[in-house]
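Just below is one structure, and these are the notes that go with it.
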There are 2 protein chains.
Amino acid sequence: MKGIRILVAEDEDKLREIVLKYLYKEGYQGFGAADGEAALDLWAEKKPDCIILDVTMPKMDGFEVLAEIRQTDNVPVIMLTARREEDDKIQGFEVGADDYVTKPFSPRELMVRIKALLKRSGVATTDNQLDVCGIHLNAEEREITIDDETINLTQKEFEVLIYFINHHKLVLSREQILDRIWGYDYEGDIRVVDTTIKRLRKKMNDKGECIQTVRGLGYKFKE
Amino acid sequence: MKGIRILVAEDEDKLREIVLKYLYKEGYQGFGAADGEAALDLWAEKKPDCIILDVTMPKMDGFEVLAEIRQTDNVPVIMLTARREEDDKIQGFEVGADDYVTKPFSPRELMVRIKALLKRSGVATTDNQLDVCGIHLNAEEREITIDDETINLTQKEFEVLIYFINHHKLVLSREQILDRIWGYDYEGDIRVVDTTIKRLRKKMNDKGECIQTVRGLGYKFKE
DNA sequence: TAATTTTTGACACAATAATGACATATAACC
DNA sequence: GGTTATATGTCATTATTGTGTCAAAAATTA
């Protein structure tokens, strides 16, 4: 998994640094470019495995850079767009971006997208297992073991747990969970979330305590 | 937490009103000041989350105002400069402006800058961490650690603490705190503030002393 | 010391979450 | 297809926790 190189082209210094910091924490090797031309240079020099490309940049915008790159390289590209630039999304896809992320985004979300894209592109070895605080998750086989005991989760329980693990330490509101697992168009009572978590906790025994309630806000997964 | 408050100090009435209108449309709470002195008064009274400061104003110019503010407040500031005033830009940065926008500008551009700055400053955030005197605050995870010990705060306690930290070294009156956290329309007893601070101090152990009482005026957060 | 202001603890009640019991939907099996 | 088992959703009840009020005690100031 090591040695994966990712180029981050984003003119806003603070944001670029945050992303690079997160990449570092995830074990990637990150390079930063503050404008389109620098991005092209770095791309030529480093031949990264993945590129994060802001749409609005000085000197050359994201699309121009992407077009240039695509003439010779199929490297996976994620475009960063401001919300207002909705139309750009489509344009970005046409030009050949592989994914897009709308600002503002959480660094964590971007990391998830990167991982997914790398996997899709066959860059990363499929690492579909996850261990968090004694909980072993094998998404492929859809199996959860806690302290070597396999536990049986229903579909909803499983999805909620994965969502929690993928966003551990973050406070997730009932709305977020509902939107994500049940879908935006879900019409029922939001308290399904409570009930599902109740069942999850019970099946997880002691580890149920990892799902903490944050009064007034939602839940948080944490050791 | 109630709305984000933005102070607009600009002597040209028309421009000021336009900016305020846009702010309103974006959901911010805007205050207008027509000269430097009025700006300082409003700043002291409202403790805004962000300030838009025109360089050329009657009574006190933008730099004087900024210098005054910076003695006690780290609030993010955007300076408005005329094209001719290029040099001022640098001066503005030295004095401690966080960004500048050159006139003429489109209101939309200003909004984008404001948003970006608020995000950078941790007011409305992507990456949201803060360290002050051994207190580590992570708003995204909604977690406070003091000397690596996690402490559990309720909603009100948490909001009050954030308000203090974001305005550290400043004396905050009970009214200000009440207005900000409980909202202007709060009808109850102002002494809730005392009680909430009592609880905060207790949970913070030694660090509780960071919240100092300023007799007759209010409270102040300081090491 | 008296007057003023703040701190504190006790209490009430409001807000929120957990739970159990039941109803309905879905899948699995014979 | 009918029967059973399992999963999922609803809801009312109970339990828990947060918040606000108040008055007495403590601290500060004049």
Side-chain angles (χ1 to χ4, degrees), chain A residues 142 144 150-164 171-222, chain B residues 1-2 142 144 150-164 171-222:
Chain A
R142 207 185 158 288
I144 306 268
T150 299
I151 61 172
N152 257 318
L153 298 184
T154 69
Q155 189 62 20
K156 284 279 183 287
E157 289 160 3
F158 187 78
E159 288 178 25
V160 169
L161 180 57
I162 286 190
Y163 187 39
F164 270 122
V171 177
L172 303 174
S173 69
R174 291 182 175 72
E175 282 79 12
Q176 283 178 302
I177 299 169
L178 200 71
D179 286 352
R180 181 58 166 274
I181 309 298
W182 280 263
Y184 288 94
D185 47 353
Y186 183 78
E187 302 254 300
D189 191 340
I190 196 166
R191 293 283 152 184
V192 244
V193 177
D194 297 53
T195 300
T196 305
I197 284 175
K198 169 191 67 181
R199 287 165 180 156
L200 242 180
R201 279 174 169 159
K202 194 168 178 193
K203 289 190 182 177
M204 291 167 71
N205 296 317
D206 328 357
K207 287 285 158 56
E209 288 164 23
C210 289
I211 303 176
Q212 302 172 354
T213 88
V214 182
R215 201 155 230 266
L217 294 176
Y219 298 91
K220 170 160 88 163
F221 187 88
K222 189 163 173 278
Chain B
M1 190 89 102
K2 305 296 155 183
R142 202 180 169 290
I144 307 266
T150 298
I151 61 172
N152 257 318
L153 298 185
T154 69
Q155 190 66 11
K156 284 278 183 291
E157 290 160 3
F158 190 78
E159 289 179 17
V160 169
L161 180 57
I162 288 189
Y163 187 39
F164 270 121
V171 177
L172 303 173
S173 70
R174 281 172 242 275
E175 282 80 10
Q176 285 178 313
I177 299 169
L178 200 71
D179 285 353
R180 184 50 168 289
I181 309 298
W182 279 262
Y184 287 95
D185 45 354
Y186 182 76
E187 302 255 300
D189 191 339
I190 197 168
R191 292 284 151 182
V192 246
V193 177
D194 296 53
T195 300
T196 305
I197 285 176
K198 168 193 66 180
R199 288 167 179 154
L200 242 180
R201 280 173 168 159
K202 193 170 178 193
K203 289 190 181 178
M204 290 168 72
N205 296 317
D206 326 357
K207 288 285 158 58
E209 289 164 22
C210 289
I211 302 176
Q212 301 171 357
T213 303
V214 183
R215 197 156 227 267
L217 294 177
Y219 298 92
K220 172 162 84 165
F221 187 90
K222 191 161 172 280

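First the proteins, then the strands, lettered A, B, ... as listed; each starts at 1.
Between A:Arg174 and C:dT16 there is no side-chain polar atom (N or O) within less than 4.0 angstrom of OP1 or OP2. When the side-chain nitrogen and oxygen atoms of B:Thr213 are compared with OP1 and OP2 of C:dT7, one or more of them lie within a distance under 4.0 Å. Contact check, B:Tyr219 against C:dT7: a side-chain N or O comes under 4.0 Å of OP1 or OP2.
Nearest heavy atoms, A:Phe164 versus A:Lys220: CE2-N, 4.2 Å.
Side chains of B:Arg201 and B:Thr213: a donor on one and an acceptor on the other come within 3.5 Å.
Taking atom CD1 of residue B:Ile181 and atom C1' of nucleotide D:dT19, one finds them 14 Å apart after rounding to whole Å. We find that CD of A:Glu209 is positioned 13 Å from P of C:dA18, with the value rounded to whole Å. Whole-Å rounding puts the A:Leu217 CG to C:dA17 C1' distance at 13 Å. Rounded to a whole Å, the CD1 atom of A:Ile211 is 10 Å from the P atom of C:dA18. Rounded to whole Å, the distance from CD1 on B:Ile197 to P on D:dT21 is 15 Å. In this structure, B:Asp194 places its CG atom 14 Å from C1' of C:dG9, rounding to the nearest Å. For A:Asn152 and C:dA27, the CG to C1' distance is 15 Å, given to the nearest whole Å. Here C:dT6 presents its P atom at 14 Å from CG of B:Leu172, a figure rounded to the nearest Å.
None of B:Val171, B:Leu172, B:Val160, B:Ile197 except one satisfies the side-chain contact (heavy atoms from CB on, under 4.5 Å) rule with B:Tyr219; the exception is B:Ile197.
Within 6.0 Å of CD on A:Glu209 lie no more than 12 heavy atoms contributed by other residues, nucleotides or ligands. For NZ of A:Lys203, the number of neighbouring non-hydrogen atoms (other residues, nucleotides, ligands) closer than 6.0 Å is greater than 12. Environment of CG in B:Asn152: sparse, with no more than 12 heavy atoms of neighbouring residues, nucleotides or ligands closer than 6.0 Å.
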Given protein heavy atoms under 4.0 Å, the one-letter contact record of nucleotides 5-16 of chain D, with B base, S sugar-phosphate only and - none, is simply --SBBBB----B
Check the pair A:Leu161, A:Phe221 against side chain to side chain contact (heavy atoms under 4.5 Å, CB included), reporting the backbone distance first and the verdict last. CA-CA 9 Å; A:Leu161 180 57; A:Phe221 187 88; 4.0 Å; yes
